[in-house]
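Chain identifiers are assigned alphabetically (A, B, ...) following the order of the sequence lines, protein sequences preceding nucleic acid strands; residue numbering begins at 1 within each chain. Just so you know, these numbers come straight off a predicted model, no measurement behind them.
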Protein chains: 2
Amino acid sequence: MGRWQPNARERLAEAALELYGERGYEQTTVAEIAKRAGLTERTFFRHYADKREVLFGGAGELEDLFVRAVTGASADAAPIEAVAAGLDAVSEVFADRRAFARARHAVITANAELKERELIKLASLSTALAGTLRGRGVPEPAASLAAEAGVAVFRVGFERWLAAPGDRDLTGLVREALTEFRAVAAGG
Amino acid sequence: MGRWQPNARERLAEAALELYGERGYEQTTVAEIAKRAGLTERTFFRHYADKREVLFGGAGELEDLFVRAVTGASADAAPIEAVAAGLDAVSEVFADRRAFARARHAVITANAELKERELIKLASLSTALAGTLRGRGVPEPAASLAAEAGVAVFRVGFERWLAAPGDRDLTGLVREALTEFRAVAAGG
DNA sequence: AAGGTCCATGACAGTCACTGACATCAAGAG
DNA sequence: CTCTTGATGTCAGTGACTGTCATGGACCTT
């Protein structure tokens with residue numbers, strides 16, 4: 001047995017999501033989160049840079065996954081097709097986490113500061129994707145535009161998945177969003 | 001002569017942009033901004049909700065302008081064409097403000113918190129555009145996707161304009177970005 | 001086993017963004 | 001001339017976040 005309970009970081013993230021859900025983000029103090037996790041406020045800030053970041057621990061892994069899938073797409077795939085491969089990979093990860101995704105999404109959409117943080121994570125993802133596409137030989141601004149398109153398509157598909165009843169498949173909804181997107185861009 | 005100097009709000013915005021540029025956003029306190037504007041910290045917060053918002057006073061007008069142009073596009077224009085009309089209208093506004101736009105953009109890109117605020121303003125613009133498109137009879141998710149596309153295209157064109165030497169025309173750069181975008185979506 | 005180092009955490013004081021409550025005083029209304 | 005209005009000042013308070021030093025179990029060395 002260690003001197004402290006294990007998984008301090010995860011306990012903090014859990015406590016934060018619960019409290020943000022129960023009372024709202026602004027009505028929750030960091031001291032309360034730390035207390036529920038059996039830690040102190042100071043320790044919270046050693047694990048998370050600020051009060052928002054505690055909800056975004058997985059953003060880095062998601063970005064890596066998306067980038068790897070795009071990198072791994074066949075060399076002759078068009079930019080939008082490489083992005084589509086990334087969309088499939090990312091969609092799979094969420095398949096069995098809809099309850100968690102819904103709780104987290106509800107908390108985030110209820111607060112402007114949290115929305116800001118989510119947007120900058122998506123922007124970071126977009127930047128990483130654009131870089132990956134350039135690495136595949138896609139010139140600018142096509143790389144940036146394809147990356148932005150991919151993120152927009154994922155977001156639309158993801159939100160429809162969260163709103164959908166029962167057993168709709170995220171991968172399918174994201175693919176539908178991509179198809180719609182291409183029709184719109186074509187002038188449909 | 002009033003009891004106070006006029007244009008307190010504008011003086012605060014000017015002082016803030018100067019100080020953020022000179023020392024950086026984080027190294028500037030609200031008390032310093034207020035002092036340079038000849039006011040107190042408390043008065044700063046009566047004009048701007050927070051330390052970031054002072055750089056985004058014009059966001060509302062820009063959104064209105066964009067929305068009005070899309071609303072005014074010919075009734076049989078495709079969604080992406082209506083958005084293009086909005087892009088033209090917004091581009092015009094910036095034509096003679098490149099120096100200011102550059103200073104502001106440099107400050108914003110130098111700081112993550114300011115980037116977050118910029119992103120949420122663009123997201124708000126996107127949401128407003130999507131609503132306007134739905135008002136024109138465009139169904140979801142086409143409306144949201146066309147709106148996101150419009151904002152992405154503007155941002156790419158805008159950044160190229162800021163980076164470009166001399167006398168490049170913003171309207172032209174944004175139109176080029178739109179053309180490239182449509183090619184990418186088509187699978188080019 | 002004794003001693004030494006490591007490192008996650010605690011304790012505590014401090015800065016600054018932001019808010020609520022109340023006071024002030026020129027300008028305009030009547 | 002008086003009254004009301006509204007932008008500003010003053011002041012006290014909360015909470016996010018940081019720097020610094022102390023603590024003590026785990027692990028390593030001998």
* Structure fact -> Smallest heavy-atom separation, A:Ala15 atom then A:Ile33 atom, equals CB-O, 3.8 Å
* Asked: Is there any ring-ring contact (aromatic ring centres under 6.0 Å, His included) pair reaching into residues 134-186 of chain B, and which pairs are they, with sequence neighbours excluded?
  -> A:Phe181-B:Phe181, B:Phe94-B:Phe158, B:Phe154-B:Phe158, B:Phe158-B:Trp161
* Would you please say whether a donor-acceptor pair under 3.5 Å links the side chains of A:Thr28 and A:Glu32? => no
* Structure fact -> From NZ of B:Lys51 across to P of C:dT19 the rounded distance in Å is 14 Å
* d(CZ, B:Arg52; C1', C:dC16) in whole Å -> 12 Å
* Closest non-hydrogen atom pair, A:Val70 against A:Arg136 -> O-NH1, 3.1 Å
* Nearest-angstrom distance from the residue atom NZ of B:Lys35 to P of C:dA17 -> 15 Å
* Are more than 12 heavy atoms from other residues, nucleotides or ligands located less than 6.0 Å from atom CD of A:Glu92? -> no
* Strand contacts (DNA chain C) in residues 16-30 of chain B, 4.0 angstrom heavy-atom criterion -> B:Thr28, B:Thr29, B:Val30
* Centre of B:Phe56's six-membered ring, under 6.0 Å away, within 45 degrees of the axis: is that where NZ or CZ of B:Arg104 sits? -> yes
* Take atom CG of A:Leu12 and atom C1' of C:dT9, then tell me their distance rounded to the nearest Å. => 12 Å
* Kindly indicate whether a cation-pi arrangement holds for B:Arg52 with B:Tyr25, taking the cut-offs as under 6.0 Å to the six-membered ring centre and within 45° of the axis. => no
* To do: Rounded off to whole Å, could you give me the CG-to-P distance for the A:Asp50 and D:dC17 pair?
  => 5 Å
* Asked: With a 4.0 Å cut-off, would you call B:Lys121 and B:Glu53 a salt bridge?
  -> yes
* Please give, in whole Å, the distance from C:dC16 P to B:Glu113 CD? -> 15 Å
* Asked: How would nucleotides 2-13 of chain D be written as a contact map, 5' to 3', with B for base contact, S for sugar-phosphate-only contact and - for no contact, using protein heavy atoms under 4.0 Å?
  -> ----BBBBBB--
